[in-house]
Each structure stands twice: as C-alpha cells, then as structure tokens.
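Predicted, not measured: the structure shown is a model, and the values here were computed from it. Every chain is numbered from 1 and lettered A, B, ... according to where its sequence line falls, protein lines coming before strand lines. Heavy-atom basis, side chains included; hydrogens, waters and symmetry copies ignored.
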2 protein chains.
Amino acid sequence: MKANKVTIHDIAKALDINSSTVSRALNDSPRVTKKTKEKILNKAKEMGYKRNLLASNLRKNVTNTIGVVVPRISRHFFSSVIQGIEETAYLEGYSVIICQSLEQLKREKNILETLAANRVDGVLMSISMETTNYNHIQELKQRGIPLVFFDRHPNISKTNNVLINDFKGGFDATHHLISKGCKNIVHFSGPQELAIYKNRLQGYKQALKESNIPFRNEYIISSRLMEHDGVNNIKELIAKNLIFDGIFSANDLAAIGAIKYLNEIKVNIPKDVAIVGFSNEPISTVINPSLTTINQPGFEIGKTATDLLLQHIKNQHTSLTTETIILESNLIERQSSNR
Amino acid sequence: MKANKVTIHDIAKALDINSSTVSRALNDSPRVTKKTKEKILNKAKEMGYKRNLLASNLRKNVTNTIGVVVPRISRHFFSSVIQGIEETAYLEGYSVIICQSLEQLKREKNILETLAANRVDGVLMSISMETTNYNHIQELKQRGIPLVFFDRHPNISKTNNVLINDFKGGFDATHHLISKGCKNIVHFSGPQELAIYKNRLQGYKQALKESNIPFRNEYIISSRLMEHDGVNNIKELIAKNLIFDGIFSANDLAAIGAIKYLNEIKVNIPKDVAIVGFSNEPISTVINPSLTTINQPGFEIGKTATDLLLQHIKNQHTSLTTETIILESNLIERQSSNR
DNA sequence: CTGTTAGCGCGTTCAT
DNA sequence: ATGAACGCGCTAACAG
C-alpha cells in the first residue's frame with residue numbers, strides 16, 4: 001500500500017464541497033442532485049479514487065461478507081455447494097470467503113476465529129471429521145453471528161441446517177445392490193460422530209431388513225473414507241476371507257480406492273458398487289461406466305443454505321426460529337455400456 | 001452483529017486504566033509491565049473481548065491477507081496450488097482469500113475490484129481463458145498492490161511469474177507417444193492467447209521435428225478444453241476420417257471426454273494417450289491405469305509463488321525487480337497393469 | 001439538497 | 001510504564 005491515498009476528503013477538497021456529499025454521491029444517495037453527483041463521480045474517476053471497504057465496513061458495522069467453511073474445496077461435492085453459495089450470495093450483493101479445515105479441528109477453530117475477527121455477517125459450514133466438541137461453534141453463536149450448517153452438522157440443539165436425506169440415500173444404494181442380486185453387501189462407513197454416516201448406515205440396515213437379509217456386523221468397516229482407507233478396507237476383507245459381492249461406500253473416495261485395488265490384483269468380486277457420492281464428480285462417471293451413484297444436489301444445497309443464512313442475517317432483530325431443511329438425494333444408474 | 005460490543009475501552013474502563021495500555025498489552029508490547037499485561041489479558045478473556053480486525057487493519061493500513069484468484073477451485077491442479085499457498089501464507093501469519101473467476105473476464109475484474117477495496121496486501125492469480133485484455137491487471141499494479149502470477153500469466157512486461165516449463169512438458173508428452181510407436185499424433189490445444197498452450201504446442205512441434213515426423217496442421221484442435229470439448233474434438237476427427245494413433249491433450253478434462261467417447265462407441269484407436277494434467281488428479285490415475293501424465297507440481301508452485309509475493313509485500317519500499325521462476329514438470333508413466 | 005459534527009475500534013504519536 | 005489526544009477513511013445524525 002503506497003500510492004492511491006485518494007480519499008473522499010481529497011475529492012471533496014478538489015471540488016470545494018463537503019466530504020459527506022461525496023460519500024452520499026458515491027453511495028448513489030437520492031439526497032444529492034444529479035448534477036453534483038455526476039461531477040463527483042467524474043472527479044473520483046479522474047483522481048483514481050477507490051473506496052476503502054475497511055473503513056466503510058467499520059463504520060457501518062456490516063461487511064456484506066459471509067464465510068464458508070468446508071473440509072476440502074477439492075472435493076467435488078463441496079465445490080459444487082460453493083458454486084451454489086457464490087451464485088446466490090452474489091445476487092444479493094454479498095461476498096464470500098472460502099476456507100478449508102482440511103478435516104482438522106484445530107484449523108476449523110482457527111478459521112472461525114479469523115472470520116469472526118473480520119466481522120463476517122454470517123457463516124456457512126460443514127464440520128470436519130475431527131469435530132466432536134463444539135465449543136468454538138457455541139462461541140460463534142454467542143457472538144451473535146448467524147450460522148447455517150450444510151451436510152455435516154454438529155450434534156447440538158438450535159442450529160440451522162440444510163441436510164440431505166442420508167437415510168434414504170443409504171437405503172436406495174443398498175436396495176439397488178440387492179435388486180442386482182447382491183446378497184453379501186459390505187458397507188464402508190465414516191466416523192459415527194457424524195450423523196450423515198450414521199444415517200446412511202441406518203438406511204443400509206433398513207434395506208437389508210426389508211429384503212430379509214441378515215445384518216452382519218463384520219460387513220461394516222468404519223474409516224475416514226480417504227482413498228487409501230478404501231484400499232485398506234478391501235485388503236482387510238480379503239485377508240479375513242470374507243465373502244462379499246457388493247460394496248456400498250459412504251463416499252466416492254473410498255470406493256475408488258477399493259476399485260483401484262481390485263483392478264490391480266485383477267480380482268473383480270463385486271457385481272456392482274454403489275457410491276454415496278456426487279454424481280457430477282468426474283471420477284464416478286469415468287471409473288466405471290456402470291457405476292451407480294447417489295446424487296447429492298450440491299448446487300441446490302448451497303443455494304438453499306445461503307438463502308436461509310441471508311434470511312437470518314437480515315432479520316437479526318426479530319428472533320427467527322431455527323430450521324432444518326432436508327433435500328433429497330437421487331440414485332443415478334448409468335448405462336452399463338461395457339459389461 | 002448485536003452482542004459482543006466489548007472494546008478495548010470497555011476493558012480499560014473496567015480496570016480503570018487507559019485504552020492505550022490495553023491496546024499495547026493485547027499486542028504484547030514490551031512497553032507494558034508483565035503484571036498489568038496479565039491482568040488485562042485475563043480481564044479481556046473474562047469479558048469475552050474479541051479484536052475488531054477491521055478497525056485494526058484500517059489503522060495499520062495492512063491486512064495481513066492475500067487474495068488468490070483461480071479459474072476454478074474444483075480443478076485439482078488449482079486446489080493443490082492453493083494448498084501450497086495456504087501452508088506458506090499461514091506460516092508467515094497471513095490469511096488467504098480464495099476467489100474463482102470461472103474462466104470469465106467479467107468475474108475476474110469484479111474479484112480484483114473487491115480484493116483491492118478490501119485492501120489485501122497482495123494478490124496471487126492465474127488468469128482466465130477469456131482474459132485477453134489486461135486493463136484490470138494494470139490498474140491493480142498501479143494501485144501498488146504486489147502481484148504474482150502462477151501458471152497462466154498475462155502477456156505484459158514487468159510481472160512476477162511462477163511458471164511451469166510447458167515447452168518441455170509438451171515435448172515430453174509427444175516424445176513419449178512417439179517412443180510408444182505413434183506416428184499420427186493429435187494435439188488438443190487451448191486458447192493461443194495463453195502462453196501455456198502455445199508453449200505446449202511448441203514442445204509438440206519440436207518433438208515431432210526431432211523424430212522427423214512431419215507436422216500436420218489438421219492434427220491441432222484448439223478449444224477451451226472442457227470435457228465436452230474433448231468429446232467434440234474426437235467426433236470431429238472421426239467425422240473427417242482422419243487417421244490418428246495417439247492423442248496429446250493439453251489438459252486432462254478434454255482427454256477424459258475423448259476417452260469416454262471412445263469407450264462409448266467401443267473404438268480404441270489410440271495406442272496411448274498422454275495428458276498434460278496433474279498427476280495427483282484422481283481422474284487421471286483411475287480412468288486408465290496405463291495413462292501417462294505430465295505432472296505439474298502444484299503444491300510447490302503455490303509455495304514458490306507465495307514466497308515471492310510475500311517478499312514483494314515486505315519490501316515495498318525497496319523497489320524489487322520483477323522475476324519469473326520456472327519449475328519443471330515431470331512425465332509420469334504408470335504401470336500398465338491392464339494391458 | 002448540502003454542511004457540520006461526531007464517532008465506528010483501534011494503534012500511535014506525544015506527553016508525563 | 002502509563003495516560004491523553006489524534007486520526008485511519010468513512011458514514012450517520014442532526015442541522016439548516
């Protein structure tokens with residue numbers, strides 16, 4: 001920051017008027033004549049004036065900015081949610097600050113601190129896999145910063161959430177496998193602290209139940225669902241000599257790890273693989289043309305969550321009630337062109 | 001913003017001291033006694049004081065924040081660069097604001113405006129495919145905001161860049177195909193306004209030349225390299241009845257589109273496909289285990305670019321000379337386990 | 001419609 | 001070592 005010290009005072013002085021008028025003109029206030037407004041805008045452009053949002057926001061005590069916290073931006077589900085958030089926020093004149101926790105509680109805390117210190121007007125977040133204590137979240141709430149969770153939400157009361165019907169997703173995925181003739185379906189699950197994984201597991205159980213297939217605990221493998229976890233899971237199954245003819249993975253990464261490994265050792269036990277993942281995910285469509293996925297409507301989640309958040313931001317005086325919106329996922333079966 | 005109106009004045013009043021002392025204590029100034037410092041910090045915590053970074057930054061005229069502009073965060077190359085940026089920035093006490101232009105010039109302009117208005121200390125960016133006029137960039141420079149480009153850079157003088165040796169990447173990719181026995185190699189290229197695509201094309205030409213393979217203009221197809229472009233490219237080739245036995249795609253998306261389509265119509269003309277893409281990209285490794293990629297060291301690029309930017313931010317008085325750093329890409333040939 | 005005054009919350013002079 | 005006062009750049013309140 002060296003050049004560009006042009007302030008509204010400078011341009012006021014140059015025009016021999018008051019800086020308030022300049023401020024009003026720059027904000028397109030109706031309380032200033034067209035003529036002077038024009039004069040001011042011209043002068044401003046001429047002098048290379050640029051508004052200092054820091055000062056403006058400080059004075060107004062509003063930043064028109066919302067913070068977004070996701071585990072990883074590179075995950076296609078999250079980046080599609082972000083797309084929805086940005087579109088919606090932009091239309092309402094809000095800027096978006098994107099942050100990633102990298103699944104680490106420590107970073108998540110740090111991010112919330114920074115966002116709060118920067119006085120964002122609200123926060124949208126999906127919590128990390130490590131997040132089992134919610135002090136940092138409670139603190140944010142106490143500071144009066146509106147908060148909406150999407151997909152992964154903390155297990156505390158009075159929160160606003162935009163969720164996916166994970167029970168149905170798990171049910172559909174499992175049901176699909178059963179309809180394909182699978183009898184021994186393995187489930188790769190995630191940390192049980194996260195409701196999304198718990199719910200998918202419940203859906204899995206329910207689907208088995210309805211088809212009179214006994215639930216077997218050794219078919220459930222919990223991990224953090226990274227690609228290498230998928231590899232390890234499948235290795236473990238093979239080492240145990242467990243019979244399985246289908247896999248329902250609670251996300252795509254772990255499924256990919258598993259499929260890669262199966263390809264590598266030239267074994268192809270599962271008749272089909274269902275993934276609770278994101279259908280737009282390029283991986284899913286490429287890895288196996290016959291792959292079935294549970295489509296999570298990322299863009300719509302982002303849009304819905306943002307709408308809800310903005311509603312809370314704009315009505316902070318009237319104490320709005322908290323809300324949980326549940327969107328539906330869809331099973332998408334691709335054309336099996338290769339086999 | 002409703003609760004939490006605790007300021008340094010409040011805590012000063014509570015302790016019957018002056019707010020200056022509080023400010024100094026909170027900034028761990030040596031000019032305040034250990035004892036009072038402790039007293040103040042305790043009181044601050046007790047009262048739930050949170051620094052207002054807007055005010056602090058306004059006063060200091062420094063934000064300790066850098067802006068990052070990329071075409072799309074969902075592209076694995078960019079998200080890995082961002083990883084490198086965040087790690088490096090964090091160690092130096094800087095925050096990062098991530099923005100995506102979605103390959104649109106209009107958005108790119110808008111983003112730079114916002115970043116400048118928010119007084120970021122510097123900007124790291126990779127320009128969009130639409131960016132052929134650089135007024136917005138020149139303006140940012142004129143405002144004295146340090147700027148470093150990575151990967152995609154504008155064609156103007158006196159810029160700081162961290163680039164990849166794309167000529168060598170193109171050469172290596174093509175050479176690899178030739179060594180596999182390909183004689184008729186198609187090249188999917190991008191907008192020629194971007195040096196990266198021009199350079200990859202040059203590398204392609206050079207490799208042909210050294211192997212005495214004649215260059216044929218109809219083998220070069222330029223597009224914006226989205227997945228559907230890859231599909232269209234391959235359709236075009238087939239429609240023209242052009243003979244080809246290899247494809248060198250300037251990015252991974254277009255290659256994936258092409259491969260998908262070839263799979264779909266059960267044609268398998270190319271003996272191999274080389275992609276200039278990112279080796280960590282899950283797609284590349286999954287789509288075809290024998291796929292060869294040109295690895296771009298994203299994390300290192302992010303780190304290098306950030307180091308360079310911070311250097312410029314910190315030495316704004318001493319007029320540093322501009323610099324272009326070129327990192328090497330690597331050809332990675334995977335184990336051909338399937339064929 | 002425009003000017004005057006005051007202050008957002010903080011950090012940095014000066015003093016003492 | 002601490003206090004008093006000013007100002008970063010902008011906008012809201014109140015005049016007129």
Side-chain angles (χ1 to χ4, degrees), chain A residues 1-41 43-44 47-65 116-121 143-144, chain B residues 1-41 43-44 47-65 116-121 143-144:
Chain A
M1 241 108 316
K2 47 189 173 191
N4 191 248
K5 304 295 282 175
V6 188
T7 75
I8 53 173
H9 299 291
D10 297 327
I11 135 166
K13 208 166 294 173
L15 259 45
D16 198 37
I17 55 175
N18 193 280
S19 55
S20 315
T21 310
V22 178
S23 173
R24 285 192 272 261
L26 293 173
N27 287 305
D28 201 26
S29 158
R31 293 179 30 184
V32 52
T33 210
K34 293 288 159 203
K35 214 171 162 66
T36 51
K37 201 180 281 188
E38 214 168 282
K39 198 171 58 179
I40 291 172
L41 290 182
K43 198 67 178 178
M47 297 177 70
Y49 167 80
K50 297 293 170 184
R51 178 201 305 260
N52 186 334
L53 270 187
L54 291 180
S56 175
N57 291 339
L58 171 63
R59 183 62 238 251
K60 291 189 300 187
N61 203 26
V62 160
T63 54
N64 281 318
T65 301
N118 278 299
R119 296 299 192 265
V120 293
D121 295 342
R143 292 174 70 172
Chain B
M1 238 110 315
K2 47 187 174 192
N4 190 249
K5 305 295 282 175
V6 188
T7 75
I8 54 172
H9 299 291
D10 298 326
I11 133 167
K13 209 165 292 172
L15 258 46
D16 198 38
I17 54 175
N18 192 279
S19 55
S20 324
T21 310
V22 178
S23 173
R24 284 191 273 260
L26 293 173
N27 287 305
D28 201 25
S29 158
R31 290 180 33 187
V32 51
T33 210
K34 296 285 159 204
K35 213 170 164 67
T36 51
K37 200 180 284 187
E38 213 168 282
K39 197 171 59 183
I40 292 172
L41 291 182
K43 197 71 179 174
M47 298 177 71
Y49 167 79
K50 298 292 171 183
R51 180 199 304 260
N52 186 332
L53 272 187
L54 290 181
S56 175
N57 291 339
L58 172 62
R59 183 63 236 253
K60 291 187 300 186
N61 203 27
V62 161
T63 55
N64 281 318
T65 300
N118 278 298
R119 297 297 191 265
V120 292
D121 295 341
R143 292 175 71 173

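- A:K60 has its NZ atom 13 Å from the P atom of D:dA13, to the nearest Å.
- Residue B:T36 places no side-chain atom within donor-acceptor reach of the base of D:dT2, judged by atom type and a 3.5 Å distance cut-off alone.
- At the heavy-atom level, A:N18 lies under 4.0 Å from base atoms of the strands shown.
- Computed from coordinates, the B:N64 CG to C:dC10 P distance equals 16 Å when rounded to whole Å.
- Under a 3.5 Å cut-off, the side chain of A:T65 and the backbone N or O of A:T63 do form a donor-acceptor pair.
- The distance between atom NE2 of B:H9 and atom C1' of D:dT2, rounded to the nearest whole Å, is 16 Å.
- When the nearest nucleotides of DNA chain D are assigned to B:A55 and A:N27 by heavy-atom distance, the more 5′-ward of the two goes with B:A55.
- Nearest-nucleotide mapping onto DNA chain D: of A:R31 and B:D16, the residue sitting toward the 5' end is B:D16.
- A pairwise comparison of heavy atoms in A:D121 and A:N64 identifies OD2-N, 2.6 Å as the closest pair.
- Of the two residues near DNA chain C, B:T21 and A:L58, the one whose nearest nucleotide lies more 5' is A:L58.
- In terms of phosphate contacts, A:S56 brings a side-chain nitrogen or oxygen within less than 4.0 Å of OP1 or OP2 of D:dT11.
- No donor-acceptor contact under 3.5 Å links the side chain of B:R59 to the base of C:dT12.
- In terms of phosphate contacts, B:K50 brings no side-chain nitrogen or oxygen within less than 4.0 Å of OP1 or OP2 of C:dG9.
- As a whole-Å value, the separation of B:I11 CD1 from D:dT2 P is 14 Å.
- Distance CG (A:L54) to C1' (C:dG9): 12 Å, rounded to an integer number of Å.
- To the nearest angstrom, P of C:dT2 lies 15 Å from CD1 of A:I8.
- Residue-level contact check: A:I17 touches the backbone only, with heavy atoms under 4.0 Å from sugar-phosphate atoms and none from bases.
- Taking every side-chain heavy atom of B:R24 into account, D:dT2 is the closest of C:dC10, D:dT2, D:dC10.
- In this structure, the side chains of B:R51 and B:N27 come closer than 4.5 Å at one or more pairs of heavy atoms.
- Atom pair A:N61:CG and D:dG9:C1' shows a separation of 16 Å (rounding to whole Å applied).
- Here A:K5 does not pair with A:D10 in a salt bridge; the nearest charged N to carboxylate O distance is not below 4.0 Å.
- Contact check, A:S23 against D:dT11: a side-chain N or O comes under 4.0 Å of OP1 or OP2.
- In this structure the side chain of B:K50 never reaches within 4.5 angstrom of the side chain of B:V6, judged on heavy atoms.
- What separates CG of B:N118 from P of D:dC8 is a distance of 20 Å, to the nearest Å.
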